[in-house]
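Read the structure below first, then the notes.
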Amino acid sequence: MEIRILGGGMEVGKSAINLQGGKVNILMDYGAMIAEGKPEFPQHISPKEIDVIILSHAHLDHSGGIPLLYITERPKLITTQLTAEISELLIQDFIHLSGYYLPYEHLELKTMLSSVTPIFFREQIKIKNAKVRALNAGHIPGSIMCLIEVDGRKVLYTGDINNIETRLLRGAPKKLPKLDAIIMEGTYATTDHADRKKTEKEFVTAIREVLNREGTVLVPAFSVGRAQEILCILEAYKISAPIYLDGMARKASRIMLRHSKYIKNYKLFNRAHERAKWITGWSQRKKACKKPGIIVSPAGMLKGGTAVFYMKRLARNERNAIFLVSYQIPGTPGRILLESGIYNFGRRSEKVKAEIGWFDFSSHSGRRELIEIIEKNKIKKVILVHGEGEALLKLGEELRDRRLAEDVIVAKNGEEIRV
Ligand SMILES: [Zn+2]
Ligand SMILES: [Zn+2]
């Protein structure tokens, strides 16, 4: 079979992979690159040629270009029911924020959603001469890896993957079927994560210290996954202070609460959401800032969202704390805050008086886990995508040097690879 990298080669953003073999033509993901101003999309593919689109998960760097393929055609879309519903939420928001630059509208999103054939973990669907199987990817609720078998050859596309267990999700399976090739993400190709339990404990200890001094903690968190995981951690450690949930995270939580089978410990998840106070308006928002407590609110990198309001209320008091819980892209307000302690309050930038912390609750496998996938499963052909170019090259080199794979390709956009 032939694999074409349409996007996500030596970059994080606009992931898209085309696989052709025998009579079948499959597209896996078709994302958007969310840059300042105009979003970018993967290389062109004609929807007429595609037998099926498989969506690994709802993040816009994987889903944001899919409505483009529903302007004139209606290709079948395979994904989990939960991913379909979260994609609707994220793409709607994308249209709302960047609509002016987007070559599609709500109508195309609607057509896309009406073309979904849901799949669940370990389930298999036949498309012409291909078998498509979904495997848990452990990245965000509903995320899958796609295992494709065409004429006896097997390829796995990881999408975004996390193979360690978190409070929210089971990890992706470590033991994989025998593969001819793997198309693997490498967001953290050169970075190892700290031990998860240790990070949780440090986070909870830091939170308790702030509460003890009667402060309020703002946890800016992504709406999908991270916000819910933070609630689960706070519930698991029995933090008794008031916990608030705000912004789009509420909508994402509402969707996830309807899909218990994707959540590792639904009892804990449900309890955490029952105990949290769901902010419904401005008066509640203001009240939440006045008493010791924890506010979980997007955006995760302080770029917009209700977290911006909370920053204005909380960041000027040393009793309070701002705890960032994800990777901060260079140039974002969150990254600037971490590096300089300075935040732009709108009219002017100021040194923040509140305590600033950063905790590595990643939803991607780190370097060690990525290498383990190749080593444990003895995969000979490795195609690396979805990472910063330099880092992917370094990981590729390490895999070759240690003779863990025979053939390692750090794929570029437009590259065609035969398997
Ligand atoms: Zn993702
Ligand atoms: Zn991604």
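One-based numbering, in listed order, for ligands and for the atoms of each. One-based numbering along the sequence shown.
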| query | Under 2.8 Å from the Zn ion (ligand 1), is there an N/O/S atom belonging to His62? | reply | no
| said: Tell me whether the Zn ion (ligand 2) has Glu185 as a neighbour, meaning an N, O or S atom of it below 2.8 Å. | reply: no
| said: I'd like the atom name of the N/O/S atom in His57 lying closest to the Zn ion (ligand 1). | reply: NE2
| Is it true that some N/O/S atom of His59, main chain or side chain, lies under 2.8 Å from the Zn ion (ligand 1)? | yes
| query | Going by the angle between their ring planes, with limits at 30° and 60°, are His386 and His364 parallel, tilted or perpendicular? | reply | tilted
| Modelled atom types, side-chain donor and acceptor of Ser114 and Thr111, under 3.5 Å | no
| request: Mind running side chain to side chain donor-acceptor pair (under 3.5 Å) on Asp29 and Ser15 for me, showing each step along the way? | output: CA-CA 6 Å; Asp29 291 346; Ser15 280; 5.3 Å; no
| remark: Looking at Asp61, the N, O or S atom sitting nearest the Zn ion (ligand 2) is OD2
| query | So, Asp160 and the Zn ion (ligand 1): N/O/S under 2.8 Å, yes or no? | reply | yes
| message | Just so I know, are the side chains of Glu85 and Arg258 near enough to count as touching, which here means a heavy-atom distance under 4.5 Å? | response | yes
| So do Asp51 and Lys128 actually touch side chain to side chain, heavy atoms under 4.5 Å? | yes
